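Just so you know, these numbers come straight off a predicted model, no measurement behind them.
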Amino acid sequence: MALRFNPLTALEGSFRGFPFLISKERKPGGQRGPLHEYPDRDMPYFEGLGRKAKQFELAIYFIGIAGDTDGVTADIQAAAFEAMLWTSVAAGGKSGPLMLPGFKREQVHARTWERERTADKAGWVSFQVTFVEAGRNQYPAPTTSWPQTLLAEALAARTAFAGALGAGLSLVGLPLAAADDLIASAGTLVAVLGVAAQLVGGGSPSSALSAASLLGTTFLAGMPGIGEALDTVVLASGTVGLLASWADALAGDEPTASSRGLAIDALFTVYGEASADDWYFPGTVTPTRAGELANQAAYSAGIRRVALSEAARLAAGLTFATYDDAVALRTRFSDAFDDEVNQAPAVDGTREALASLQANTLLAISAAGADKARLVPYQVARPRSAISLAQLFYPSDPDVAARAAELVARNGTIHPAFMPAAGERLSS
């Protein structure tokens, strides 16, 4: 014999903090895609296009409180709930948290709802509500200003990573020697910045290298001496500020696509050095040693993530000569972000910030390089001058000299009068 439904023991839930009772919960799932069935073939093919959006179809209700003989309180609750749903629509389709039984939380939109009241259920108002996951818009409208979008995202990520680094460093319960270790790590960072600047120094003016070097010297001068107290929050904010200012110094006062590219290369060098730090956590360590290792790991992780966010910030102002240049940089960012997202914790918001920055960086680079010419191989019967090849490949371009210079630079030619018979050129 089936048990009779008891409204007083029903499941409870809420949307945007408004509580309700649940009589039925339905959650359809599946994946999108067409099913192809071909004539005269017994083997079909399903073209999977990803999962469907999560939906939560709930039958909910409100009942009158004890002593309410007319059931007016049920109507009051239902009216307030419906007004809240309409308010979320009027606010531009604002999403909100949906709490389900078992402490399940989903960020959703209220997509459709129906209100119902029947004569045989006094003091009872029911709703059929369909909620759909809010998700994230990875393909905004074509009018999106990708440089501005990426710049804002990179600055937000910088703030998030600075906060996470400050929270991840702690000297509580540790001896002063632990502070000395962190100061030594800061010194190592400055040394790495110096090496990275020298590696790209061939394309940077001496003034930019001097400014970058001075930043590191000033940063170390502000560090406490051996055995003195260290404020880890100040160390975190100072490290983030140093990386940001250092990247700007390398890019120059009036950044060009070339100087931005050099600064990005230098930041990836810093990222690579911080990634090489292999902090080994043995199975059994003393509490002091565990704290020291955790600080070193947090500092290295903070440097990596800030280096990525600063490189992404500079990439917001990049222009690309070829589609292939954009693809190469996009791949470089994608690989680094994938590694960081896999390692980042979710509890402090670092993983979410990295994932959002990754999506915006890759989309911005794709948009900047989408309409650029591709690199294609060329081969002629015999070596020619750069001018003659430019006239041959780009007959409609009036700036033949610029095209010739591009061919020389692209192929690393020693003298423009003697271009190789086989090399690379732009497709248009």
Trainee: Whether the side chain of Ser126 engages the backbone of Glu116 through a donor-acceptor N/O pair (distance < 3.5 Å, no angle test) should be reported.
Mentor: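 Indeed, once roles are kept as given, a pair shorter than 3.5 Å links the two residues.
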
Trainee: Identify, with sequence neighbours excluded, every residue that meets side-chain hydrogen bond (donor to acceptor under 3.5 Å, both in side chains) alongside Asn411.
Mentor: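 Expected list: none.
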
Trainee: If you measure from CZ on Phe81 to CZ on Phe20, what distance do you get to the nearest 0.5 Å?
Mentor: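 Taking CZ in Phe81 and CZ in Phe20, the distance rounds to 5.5 Å.
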
Trainee: Before you tell me yes or no, could you show the steps for Leu243 and Leu193 under side chain to side chain contact (heavy atoms under 4.5 Å, CB included), namely the whole-Å CA-CA distance, both residues' side-chain angles and the distance that decides it to 0.1 Å?
Mentor: CA-CA 9 Å; Leu243 283 166; Leu193 294 181; 3.9 Å; yes

Trainee: Show the numbers, then the answer: is there a side chain to side chain contact (heavy atoms under 4.5 Å, CB included) between Leu242 and Val190?
Mentor: CA-CA 9 Å; Leu242 171 63; Val190 171; 4.3 Å; yes

Trainee: Could you check Thr361, Asn360, Leu151 and say which one makes a side-chain contact (heavy atoms from CB on, under 4.5 Å) with Trp146?
Mentor: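 That would be Asn360.
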
Trainee: Mind checking side-chain hydrogen bond (donor to acceptor under 3.5 Å, both in side chains) for Glu47 and listing every partner two or more places apart, or none if nothing turns up?
Mentor: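 Listed in chain order: His36.
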
Trainee: For the backbone of Leu49 and the side chain of Arg32, can you confirm whether one donor and one acceptor N or O come within less than 3.5 Å of each other?
Mentor: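 Yes; at least one donor-acceptor contact below 3.5 Å.
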
Trainee: Let me see the working for Val125 and Ile63 under side chain to side chain contact (heavy atoms under 4.5 Å, CB included), right down to the final yes or no.
Mentor: CA-CA 7 Å; Val125 182; Ile63 56 176; over 6 Å; no

Trainee: Please determine whether side chain to side chain contact (heavy atoms under 4.5 Å, CB included) holds for the pair Leu392 and Arg384, giving the CA-CA distance in whole Å, both sets of side-chain angles, and the decisive distance to 0.1 Å.
Mentor: CA-CA 10 Å; Leu392 173 66; Arg384 294 188 182 186; 3.7 Å; yes

Trainee: If the condition is ring pair (Phe, Tyr, Trp, His ring centres under 6.0 Å), which residues does Phe15 pass it with, not counting sequence neighbours?
Mentor: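 In terms of ring pair (Phe, Tyr, Trp, His ring centres under 6.0 Å), with neighbours along the sequence ignored, Phe15 is linked to Phe131.
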
Trainee: Any donor-acceptor pair under 3.5 Å linking the side chain of Thr413 with the backbone of Pro416?
Mentor: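 Side chain of Thr413 to backbone of Pro416, a donor-acceptor pair under 3.5 Å: no, none is there.
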
Trainee: Side chain of Glu82, backbone of Ala78: donor and acceptor closer than 3.5 Å?
Mentor: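 Here the side-chain-to-backbone pair does not exist.
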
Trainee: Do any pairs count as a salt bridge (Lys or Arg N to Asp or Glu O under 4.0 Å) and have a residue in residues 238-252, sequence neighbours left out, and if so which ones?
Mentor: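 Only Asp248-Arg313 qualify under salt bridge (Lys or Arg N to Asp or Glu O under 4.0 Å).
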
Trainee: Is the count of non-hydrogen atoms from other residues, nucleotides or ligands lying under 6.0 Å from Glu352 atom CD greater than 12?
Mentor: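 It does not: Glu352 CD has 12 such atoms or fewer within range.
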
Trainee: Considering only residues two or more places apart or on different chains, which pairs with a residue in residues 188-197 satisfy salt bridge (Lys or Arg N to Asp or Glu O under 4.0 Å)?
Mentor: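 Qualifying pairs, neighbours excluded: none.
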
Trainee: Checking Ser245 side chain against Gly241 main chain: does a donor-acceptor pair fall under 3.5 Å?
Mentor: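 Yes, because the side chain of Ser245 sits within donor-acceptor range (under 3.5 Å) of the backbone of Gly241.
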
Trainee: Mind checking the CG-OG1 spacing from Leu363 to Thr149? Nearest 0.5 Å is all I need.
Mentor: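 Atom-to-atom, Leu363:CG and Thr149:OG1 are 10.0 Å apart.
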
Trainee: Rounded to the nearest 0.5 Å, what separates atom CG in Leu189 from atom OG in Ser300?
Mentor: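 So the gap between those two atoms works out to 9.5 Å.
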
Trainee: Taking only residues two or more places apart in sequence or in another chain, which ones pass side-chain hydrogen bond (donor to acceptor under 3.5 Å, both in side chains) with Glu153?
Mentor: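 Here the qualifying residues are Ser356.
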
Trainee: Does Arg26 pair with Glu57 as a salt bridge, N-O distance under 4.0 Å?
Mentor: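 Result for this pair is yes, salt bridge flagged.
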
Trainee: To the nearest 0.5 Å, tell me how far His109 NE2 sits from Thr130 OG1.
Mentor: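 Separation between the atoms: 14.5 Å.
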
Trainee: Roughly how far, to the nearest 0.5 Å, is the CG atom of Asn295 from the CG atom of Leu182?
Mentor: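 Reported value, rounded in 0.5 Å steps: 5.0 Å.
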
Trainee: With sequence neighbours excluded, tell me which residues meet ring pair (Phe, Tyr, Trp, His ring centres under 6.0 Å) with Tyr271.
Mentor: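 In terms of ring pair (Phe, Tyr, Trp, His ring centres under 6.0 Å), with neighbours along the sequence ignored, Tyr271 is linked to no residue.
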
Trainee: What do the steps show when you test Glu133 against Arg51 for salt bridge (charged side-chain N to carboxylate O under 4.0 Å, His left out), and what is the final call?
Mentor: CA-CA 12 Å; Glu133 68 172 313; Arg51 69 172 177 84; 2.6 Å; yes

Trainee: Is a side-chain N or O of Ser309 found less than 3.5 angstrom from the main chain of Val306, in a donor-acceptor match?
Mentor: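 Yes, Ser309 side chain to Val306 backbone: donor-acceptor pair under 3.5 Å.
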
Trainee: Answer yes or no: are there more than 12 heavy-atom neighbours, outside Arg111 itself, under 6.0 Å from its atom CZ?
Mentor: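 12 or below, so no.
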
Trainee: With rounding to the nearest 0.5 Å, note down the distance linking OG1 in Thr269 to CD1 in Ile264.
Mentor: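 With rounding to 0.5 Å, OG1 (Thr269) is 12.0 Å from CD1 (Ile264).
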
Trainee: I'd like to know if the side chain of Ser14 reaches the main chain of Pro19, judged simply by a donor and an acceptor atom lying under 3.5 Å from each other, with no hydrogens or angles considered.
Mentor: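 Answer holds: no.
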
Trainee: Enumerate the residue pairs fulfilling ring pair (Phe, Tyr, Trp, His ring centres under 6.0 Å) with a member in residues 293-312, sequence neighbours excluded, ordered by first and then second residue.
Mentor: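 Ring pair (Phe, Tyr, Trp, His ring centres under 6.0 Å) check on residues 293-312 returns no pairs.
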
Trainee: Evaluate the side-chain proximity of Asp265 to Arg332: yes if any heavy-atom separation is below 4.5 Å, no if none is.
Mentor: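 Counting from C-beta outward, Arg332 and Asp265 do come under 4.5 Å.
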
Trainee: For residues Pro383 and Ala421, report the shortest heavy-atom separation together with the two atoms involved.
Mentor: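 Shortest heavy-atom separation between Pro383 and Ala421 comes out as N-CB, 4.1 Å.
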
Trainee: With sequence neighbours left out, write down each residue that passes ring pair (Phe, Tyr, Trp, His ring centres under 6.0 Å) with Phe268, or none if nothing qualifies.
Mentor: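 Once residues adjacent in sequence are excluded, the partners of Phe268 under the ring pair (Phe, Tyr, Trp, His ring centres under 6.0 Å) criterion are Phe333.
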
Trainee: Sequence neighbours excluded, which residues qualify as salt bridge (charged side-chain N to carboxylate O under 4.0 Å, His left out) partners of Arg158?
Mentor: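 Salt bridge (charged side-chain N to carboxylate O under 4.0 Å, His left out) check on Arg158 returns Glu310.
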
Trainee: According to side-chain hydrogen bond (donor to acceptor under 3.5 Å, both in side chains), who are the partners of Arg425, at least two apart in sequence or on a separate chain?
Mentor: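 If we apply the side-chain hydrogen bond (donor to acceptor under 3.5 Å, both in side chains) test to Arg425, skipping adjacent residues, there are no hits.
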
Trainee: What residues form a ring pair (Phe, Tyr, Trp, His ring centres under 6.0 Å) with Tyr378, not counting sequence neighbours?
Mentor: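 Only Phe393 meet the ring pair (Phe, Tyr, Trp, His ring centres under 6.0 Å) criterion with Tyr378.
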
Trainee: Does any non-hydrogen side-chain atom of Leu169 lie less than 4.5 Å from one of Leu165?
Mentor: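 Answer yes - side chains close enough.
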
